[in-house]
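Remarks on the structure that follows.
We count residues from 1, following the sequence as given.
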Amino acid sequence: MSNKRAIIYCWSESDRMPFEPSDGDIVICADSGINYARRVGVRPDIVLGDFDSSERPEGTDNPFDIIALPREKDDTDALYAARTALAEGCDKIYLAGGLGGRLDHTLGAISVLRFIEKEGAECVICDGKTRVSLVRSGTEKKFEYDENVEYISVFPSNGKSFGVKIKGLKYSLENFELTSDFPIGVSNEYVFGQDGFISSENGDLLIVEILK
């Protein structure tokens, strides 16, 4: 594992810093994500997109690379940014924003999360208000206690997940079949000072944390 990180800024109305940048991070802005990055004081390394929702940066003195994409394409700007981060060897790719606003854009961001995880890298989406992550099929993930999380919800990523276990949170499950038409995993909570553990024997899980 290289532990090389990329932070991809997408559209957002948030003014919260979702991820603290570290030395060596690659910061990519997908189209109007540049507006979000500017609001939270982050300078990108790459700005890309078809620029249908933001103005293309002009001039030759920009401190970042610009990749102009065609408007008619198969990849969304965020997915192209994800492919760019993967090509740079990043195994931790964080999507800043992409949540709220248009529902189709939110679902598109979750699709990018799934794509990144399928490619073997770790992905988290966050806008400082909501955080979305994935528990891969056949694995258990530790969720460290976070006093800033109000609710933590668990959903099957692909219709059904079998052998689901939730331990350490307020409400537990043991060897449960989680389906997309029964939202039993909504609005769980951390127990004060206690970590949670979520696992699935078969089927990925989407984890949604609502931040205070």
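The only option from Val47, Thr84, Asp45 that meets the side-chain contact (heavy atoms from CB on, under 4.5 Å) definition with Ile28 turns out to be Thr84.
Within the 4.5 Å cutoff, no side-chain heavy atoms of Leu134 are placed close to those of Cys123. Looking only at side-chain heavy atoms (C-beta outward), Ile26 and Cys90 come within less than 4.5 Å of each other. The shortest side-chain heavy-atom distance between Val40 and Tyr9 falls under the 4.5 Å cut-off. Counting heavy atoms from C-beta outward, Asn188 and Tyr151 have side chains that stay 4.5 Å or more apart. At least one side-chain heavy atom of Ile198 sits less than 4.5 Å from a side-chain heavy atom of Phe143. The shortest side-chain heavy-atom distance between Tyr145 and Glu147 falls under the 4.5 Å cut-off. Taking 4.5 Å as the limit, every side-chain heavy atom of Val132 sits out of range of all side-chain heavy atoms of Val124. In this structure the side chain of Phe197 reaches within 4.5 angstrom of the side chain of Lys142, judged on heavy atoms.
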Which side-chain N or O atoms in residues 164-180 pair as donor and acceptor under 3.5 Å with protein atoms at least two apart or in another chain?
residue, atom, partner, partner atom, Å
Lys167, NZ, Glu140, OE2, 3.2
Thr179, OG1, Asp181, OD1, 2.7

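The number of heavy-atom neighbours closer than 6.0 Å to OH of Tyr80, taken from other residues, nucleotides and ligands shown, is 12 or below.
Interatomic distance, OG of Ser133 versus CD of Glu117, reported as 8.0 Å (0.5 Å rounding). Atom SG of Cys29 sits about 11.0 Å away from atom OH of Tyr36, to the nearest 0.5 Å.
Between the side chain of Ser137 and the backbone N or O of Gly203, at least one donor-acceptor pair lies under 3.5 Å. At least one donor-acceptor pair under 3.5 Å links the side chain of Lys4 to the backbone N or O of Glu88. A donor-acceptor distance shorter than 3.5 angstrom exists from the side chain of Arg39 to the backbone of Ser14, with no hydrogens or angles considered. With Asp91 contributing its side chain and Asn3 its backbone, the two residues share a donor-acceptor pair below 3.5 Å.
Using a 4.0 Å cut-off between a side-chain N of Lys or Arg and a carboxylate O of Asp or Glu, Arg5 and Asp25 qualify as a salt bridge. Between Lys129 and Asp127 there is no salt bridge, since no side-chain nitrogen of the basic residue lies less than 4.0 Å from a carboxylate oxygen of the acidic one. Between Asp77 and Lys73 there is a salt bridge, with a side-chain nitrogen of the basic residue lying less than 4.0 Å from a carboxylate oxygen of the acidic one.
Judged as a salt bridge (charged side-chain N to carboxylate O under 4.0 Å, His left out), and not counting sequence neighbours, Arg16 has no contacts.
For the residue pair Glu209 and Tyr190, a side-chain donor N or O sits within less than 3.5 Å of a side-chain acceptor on the partner.
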Apply the test salt bridge (charged side-chain N to carboxylate O under 4.0 Å, His left out) to residues Asp204 and Arg136: give CA-CA distance (whole Å), side-chain angles for both, the deciding distance (0.1 Å), then the verdict. CA-CA 5 Å; Asp204 294 344; Arg136 297 184 192 178; over 6 Å; no
